[in-house]
J.: 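Sharing a structure, written as structure tokens. Questions coming.
All of these numbers come straight from a predicted model, not from anything done at the bench. When reading the values below, keep in mind they use all heavy atoms of this one structure, side chains included, and skip hydrogens, waters and symmetry mates. Along the sequence shown, residues are numbered consecutively beginning with 1.
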Amino acid sequence: MLHVVLIYGGQSAEYEVSLISARSILQAIDLTKYKVTLIRIDRDGTWIRVDSGQYGASPEIDLEAPGDAVFLVPSGNVVSVERPEDSISVDVVFPILHGTNGEDGTIQGLLQLYGIPFVGAGVLGSAICMDKDATKRLLTEAGITVPKFKVLCSGLGNLPSYDFLANSLGKTLFVKPANTGSSVGISRVESIVEYQEAVKLAFKYDDKVLIEEAINGREIECAVLGRNPVRISICGEITTTHSFYSYQAKYKDESATDLIIPASLPEGIMAQIQDLARKVCRVLECQGMARVDFFLEKNNRILVNEVNTIPGFTSVSMYPLLWDHSGVSFPDLVDALIHDALIAHERHSQVMLSR
């Protein structure tokens, strides 16, 4: 029986979302096929192995229950801090750590260094996609259209005024930390006062902040799975009564948001978006698992908004819903992601050995 270690929690602002995603994966994974060990990374950085019983995890387990502090070793074992002799071997890790220190290449680098297969994009792709500035610059260089933006960095003197930015980007602006997900720290602003408050908020989450133009278009998303070949789901659309698809709209006020799958798109546009998603993943090196978010304007111009390499797995998350509507059930999706992780690890090992 393959041993899967599900790592969740983390030290980012998306801790709670990670717990919900982990619960959904635990409900979907075939416990007759996989042995599952749960490891929670607490807000202070401690790794806790949650007691999941003699026969492996079950969906009813308290994911925030106490447990033994543990650490990983290069042999691919999880070792108890208090009882080093009490260790378990790892076949594959499923990291469901949204945001900082989880989605940004850090956990991926640790697992790669220790020779442990893991689900999702690799170190480079994870790091690139986490940084919205790096993402947009690489896509622009590849000829892929993104919203116009400016970058602010803390500690580099006076910030540009709202009027200065409005002259080049428009009066309605989005202010975003460069390195967060789930719309954490993002604000929509239309005045000097709103701009100043939004910048203060964004700098609480990152030392680099993006100021983006507001795009008057539909929000379209599609999901990416696997490598060689990369599979692309059908497209879905997000509509919300909020001013934008904020953290509140995603997780606190679900009634205000509709997920329309499949999206009703003009002829040929879905295929164009799917082809573009494939190109985006090639440019950003984020094959394996990703959700690619687009804007579609009335003239059918397609812009890439951002790429999420550890998308949400909650009951209202687009990634599993898009695959479900594409004919891949949640349990089959988990299977496919684990299988892809093992193949990617084997390929990486062969490349390393051939050097």
Side-chain angles (χ1 to χ4, degrees), residues 10-15 17-18 95 97-109 120-142 144-162 164-166 168-170 172-189 194-215 219 221 244-248 250 280-281 283-286 290-295 303-312:
Q11 296 175 277
S12 80
E14 299 164 77
Y15 176 91
V17 181
S18 175
L97 299 162
H98 304 306
T100 308
N101 290 335
E103 198 169 351
D104 53 6
T106 49
I107 189 72
Q108 292 80 8
V123 178
L124 179 60
S126 299
I128 290 171
C129 293
M130 185 67 183
D131 189 309
K132 298 177 179 68
D133 172 34
T135 294
K136 292 179 187 298
R137 285 190 283 114
L138 284 170
L139 292 177
T140 299
E141 184 177 330
I144 297 171
T145 305
V146 301
K148 292 184 293 183
F149 70 101
K150 302 288 185 182
V151 179
L152 311 181
C153 295
S154 64
L156 294 183
N158 294 329
L159 299 176
S161 68
Y162 168 79
F164 174 81
L165 293 168
S168 58
L169 300 178
T172 302
L173 303 170
F174 280 92
V175 180
K176 304 179 178 182
N179 290 275
T180 62
S182 296
S183 300
V184 172
I186 296 179
S187 304
R188 183 179 188 270
V189 304
E194 289 178 344
Y195 166 71
Q196 292 171 338
E197 292 302 315
V199 169
K200 289 179 184 178
L201 174 64
F203 273 129
K204 289 181 179 180
Y205 295 99
D206 198 10
D207 289 332
K208 185 165 62 171
V209 168
L210 266 66
I211 312 296
E212 288 184 359
E213 67 171 330
I215 299 297
E219 294 191 44
E221 300 183 351
F244 69 101
Y245 194 37
S246 63
Y247 185 93
Q248 182 76 14
K250 287 179 179 180
V280 165
C281 287
V283 170
L284 302 180
E285 307 233 9
C286 60
R291 193 196 68 238
V292 187
D293 301 348
F294 300 90
F295 292 119
L303 303 90
V304 176
N305 180 21
E306 62 182 44
V307 181
N308 192 317
T309 56
I310 301 186

J.: Looking at Ile310, is its backbone amide N or carbonyl O close enough to the side chain of Glu103 to form a donor-acceptor pair, meaning the two atoms are under 3.5 Å apart?
T.: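 Yes, the answer is positive, given that a donor and an acceptor are paired below the 3.5 Å cut-off.
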
J.: Of the non-hydrogen atoms in Thr100 and Met130, which two are nearest, and what is the gap between them?
T.: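 That would be N-CE, 3.5 Å.
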
J.: Report yes if some heavy atom in the side chain of Leu159 is under 4.5 Å from a heavy atom in the side chain of Phe203; otherwise report no.
T.: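 Contact flag for Leu159/Phe203 side chains = yes.
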
J.: Should Leu97 and Gln11 count as side-chain neighbours, where that means a heavy-atom distance under 4.5 Å?
T.: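 They are not in contact (no side-chain heavy atoms under 4.5 Å apart), so the answer is no.
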
J.: Testing the basics here: between Gly125 and Thr309, what is the closest heavy-atom pair and its distance to 0.1 Å?
T.: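 Scanning both residues, the minimum pair turns out to be O-CG2, 4.2 Å.
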
J.: As an exercise, state the distance from OG of Ser187 to NZ of Lys200, rounded to the nearest 0.5 Å.
T.: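 Reported value, rounded in 0.5 Å steps: 12.5 Å.
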
J.: Looking at residues at least two apart in the chain, or sitting in another chain, which of them share a salt bridge (Lys or Arg N to Asp or Glu O under 4.0 Å) with Asp133?
T.: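 Asp133: salt bridge (Lys or Arg N to Asp or Glu O under 4.0 Å) contacts with Arg137, Lys208.
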
J.: Between Ile211 and Val175, is any pair of side-chain heavy atoms under 4.5 Å apart?
T.: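 When only atoms from C-beta onward are counted, Val175 and Ile211 do touch, with a gap below 4.5 Å.
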
J.: Rounded to the nearest 0.5 Å, how far apart are CD1 of Ile144 and CG of Leu303?
T.: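 Ile144 atom CD1 to Leu303 atom CG measures 11.5 Å (nearest 0.5 Å).
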
J.: Answer whether the closest heavy-atom distance between the side chains of Asp104 and Ser126 falls below 4.5 Å.
T.: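 No; the side chains remain at least 4.5 Å from each other.
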
J.: Out of curiosity, Ser161 OG to Gln196 CD, how far, rounded to the nearest 0.5 Å?
T.: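 Here the rounded value is 9.5 Å.
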
J.: Should Glu212 and Lys132 count as an ion pair when the cut-off is N to O under 4.0 Å?
T.: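 No, no charged N to carboxylate O under 4.0 Å.
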
J.: Can you see which heavy atom on Glu213 is nearest to which on Phe174, and at what distance?
T.: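 Looks like O-CD1, 4.4 Å.
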
J.: Using salt bridge (Lys or Arg N to Asp or Glu O under 4.0 Å) as the criterion, list what pairs up with Lys148, not counting sequence neighbours.
T.: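 None.
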
J.: Is there side-chain contact between Glu219 and Asp293, with at least one heavy-atom pair below 4.5 Å?
T.: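 The answer is no, as the side chains (C-beta and beyond) never meet within the 4.5 Å cut-off.
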
J.: Are any non-hydrogen side-chain atoms of Ile107 and Asn101 less than 4.5 angstrom apart?
T.: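 Not touching, per the 4.5 Å side-chain cut-off.
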
J.: So, does Ser12 use its side chain to make a donor-acceptor pair with the main chain of His98 at under 3.5 Å?
T.: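 Between the backbone of His98 and the side chain of Ser12 there is a qualifying donor-acceptor contact (under 3.5 Å).
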
J.: From Asp206 CG over to Asp131 CG, what is the distance, rounded to the nearest 0.5 angstrom?
T.: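 Answer for the CG-CG pair, Asp206 versus Asp131, is 7.5 Å.
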
J.: Check whether any side-chain heavy atom of Ser168 lies under 4.5 Å from a side-chain heavy atom of Lys150, and answer yes or no.
T.: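 Ser168 vs Lys150: side chains touch.
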
J.: Under 3.5 Å, side chain of Thr135 to main-chain N/O of Ile128, donor-acceptor pair present?
T.: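 Yes, because the side chain of Thr135 sits within donor-acceptor range (under 3.5 Å) of the backbone of Ile128.
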
J.: Would you give the length of the straight line joining atom CD of Gln108 to atom CG of Leu124, rounded to the nearest 0.5 angstrom?
T.: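 Rounded to the nearest 0.5 Å, the CD-CG separation comes out at 11.0 Å.
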
J.: Give me the atom names and distance for the closest heavy-atom approach of Gly10 to Tyr15.
T.: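 Shortest heavy-atom separation between Gly10 and Tyr15 comes out as O-CD1, 3.1 Å.
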
J.: Atom CG of Leu173 and atom CZ of Phe149: how far apart are they, to the nearest 0.5 Å?
T.: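 If I round to the nearest 0.5 Å, the distance is 14.0 Å.
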
